[in-house]
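Note sheet for the following structure.
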Amino acid sequence: MGVSDFPDAFKDTRATKGVCPFNDQNDSVAMLLRFKDVRKSAHDYKSFISGAQPGRIVVPSEVNIRDTRQIPFEVDPPEHTEYRALVEDWFKRPLDAAYEAGLEAIIAAELDRVLVKGRIEAIAELSLPIQSRALTLLLNIPMKEAETWISWGTHVFRSEDSDLDGDKAAILYDYIDAEIDKLIANPDDSLYGVLLQSEYQGRKMTKEEVKGVLILTFAGGRDTIINYLTNTLAYLAEHPEAITELRDNPELLNTAIEELVRYFSPLTHMGRVVAQEKEVSGHVAKEDTRVSLCWASANRDEAIFENPNAVVLDRKMNPHVAFGFGTHKCLGATHARQLMKVFLRVFTQKVAKLTVVKAVENIEDWGEHQRKVGFDSLEIELNPIK
Ligand code: EMZ
């Protein structure tokens, strides 16, 4: 198996059963594996709710390490609709030319820096700094702020030793609390400032609500973007022809980023709490139990995708659910897509050759299923275009 192969961990169970139980801290989750079930259940927000106890829809559950509700992610309609409308335009800013130019400058500078070094560990020295610096654009705050976040590592709720790290979560919470207090004293046009001025149901957003949006902004697009970038590097190293193809045919970038995100599916799944008993593929989802929408499995469903385990950079029909589906589809997707596109464009313009020196895989453990989601480390060597 190549370093850039990401096998379909759910193939057999998806075909035979469609649903698989997973014991998460004694709050069992029935993982829904088929594309159609995943989409239908994602759509059915009345039966499968997100507005449960904060942290419970995440797998592994975060109920023991946080009690702030992430907004709009852990709220259902009708409240969800108003919260989402408050932030929707802000999260479309990545489409502005100036934003795209900002991303390009960040990515070009990071690549220039590592091209001088030649050999690097891709996560710490490239993917994490790009993700963090790009986040300053989304928040509209000075670039230097990213240095603090880079020091936090890949995940804000998990660490090397533990899947759930309350001490680490506390660092993010204290940081956001302090930032909100600063902004209350000195309002500005950052996401913090804009949210503090926003009105929900005819009154100002509370500090706790503002914090809820910010935690989601920090946590939701962190390990996912980092894994996407690192996995893309592994792919390009093993498919040098793709570097040339993308460089020569920039119109391929749009389908290429969708295909890579389908193939990698950086977020394996997201849970829901059952509010009304429902049967899905023979599984009776009982009230107050959990199900999860397994995006990673749905994205390899052979009933939908031809040749699902191949990366086809110009794939035409690609209704993937890597960014979720329905009411809660990823708010940060515009930012992520723009970042992925600019990254591929700048990378192929600057890099002639890329080699993997050493890879340590990151394998997630979902009971019966082990899924490769990315790398714990990826040492690479880069050669610039002369
Ligand atoms: C939550 C989640 C959002 C969760 C779209 O995903 O991302 C996870 O990484 C966090 O742990 O709290 O923000």
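- One N or O on the side chain of Arg14 and one on the backbone of Ser297 form a donor-acceptor pair closer than 3.5 Å.
- Side chain of Gln370 to main chain of Gly367: a donor-acceptor pair is present (N/O by atom type, distance under 3.5 Å, no hydrogens or angles).
- Between Trp149 and Leu128 there is no side-chain heavy-atom pair separated by less than 4.5 Å.
- Separation of atoms CD1 (Ile257) and CG (Leu253) is listed at 7.5 Å; rounding is to 0.5 Å.
- Using a 3.5 Å distance cut-off with no hydrogens or angles, the side chains of Tyr99 and His335 do pair a donor with an acceptor.
- Between Leu216 and Ile71, every side-chain heavy-atom pair lies at or beyond the 4.5 Å cut-off.
- A donor-acceptor contact shorter than 3.5 Å is absent between the side chain of Asp44 and the backbone of Lys40.
- Taking 4.5 Å as the limit, some side-chain heavy atom of Leu135 sits within range of a side-chain heavy atom of Thr217.
- Using a 4.5 Å heavy-atom threshold, the side chains of Tyr173 and Ile65 count as separate.
- You'll find the side chain of Arg272 reaches within 4.5 Å of the side chain of Ser50, heavy atoms only.
- In this structure, the side chain of Asp96 does not engage the main chain of Ala98 through any donor-acceptor pair within 3.5 Å.
- Under the 3.5 Å distance criterion, the side-chain polar atoms of Glu121 are matched with a main-chain donor or acceptor of Ala124.
- A donor-acceptor distance shorter than 3.5 angstrom exists from the side chain of Arg93 to the backbone of Leu137, with no hydrogens or angles considered.
- Of the N and O atoms on the side chains of Arg34 and Ser281, at least one donor lies less than 3.5 Å from an acceptor on the other residue.
- Of the possible polar contacts, one joining the Asp24 side chain to the Ser61 backbone as a donor-acceptor pair under 3.5 Å is found.
- Within 6.0 Å of NZ on Lys372 lie more than 12 heavy atoms contributed by other residues, nucleotides or ligands.
- Linking ILVMFWY residues whenever their side-chain heavy atoms come closer than 4.5 Å, directly or via other members, leaves Val213 and Ile57 in distinct clusters.
- A distance-only check finds no donor-acceptor pair linking the side chain of Arg371 to the backbone of Ala9 [under 3.5 Å].
- Not one N or O on the side chain of Arg113 forms a donor-acceptor pair closer than 3.5 Å with the backbone of Leu126.
- Between the side chain of Ser198 and the backbone N or O of Val194, at least one donor-acceptor pair lies under 3.5 Å.
- Residues passing the ring-ring contact (aromatic ring centres under 6.0 Å, His included) test with Trp90, sequence neighbours excluded: none.
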* To do: Give the C-alpha distance, both sets of side-chain angles, the deciding distance and a yes or no for salt bridge (charged side-chain N to carboxylate O under 4.0 Å, His left out) between Asp76 and Lys46.
  => CA-CA 8 Å; Asp76 290 302; Lys46 290 198 171 137; over 6 Å; no
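- No donor-acceptor contact under 3.5 angstrom links the side chains of Gln131 and Tyr228, judged on distance only.
- Remark: Asp181 CG to Asn186 CG distance equals 11.5 Å, nearest 0.5 Å.
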Throw together a table of side-chain donor-acceptor distances under 3.5 angstrom for residues 312-325, partners on residues two or more places apart or in other chains.
unit_1	atom_1	unit_2	atom_2	d
Arg315	NE	Glu259	OE1	2.9
Arg315	NE	Glu259	OE2	3.0
Arg315	NH1	Glu306	O	2.7
Arg315	NH2	Glu259	OE2	3.4
Arg315	NH2	Glu306	O	3.3
Arg315	NH2	Asn307	O	3.1
Arg315	NH2	Ala310	O	3.3
Lys316	NZ	Asp314	O	3.0
Asn318	ND2	Glu259	OE1	3.3
His320	ND1	Ala322	N	3.0
His320	NE2	Glu258	OE1	2.7

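- Inspection of the His369 and Thr13 side chains reveals an N or O donor paired with an N or O acceptor under 3.5 Å.
- Using a 4.5 Å heavy-atom cutoff, the side chains of Ile150 and Glu147 are in contact.
- Ring-plane geometry between Tyr263 and Phe6 is classed as perpendicular, the angle between the planes exceeding 60 degrees on a 0 to 90 degree scale with a lower cut at 30.
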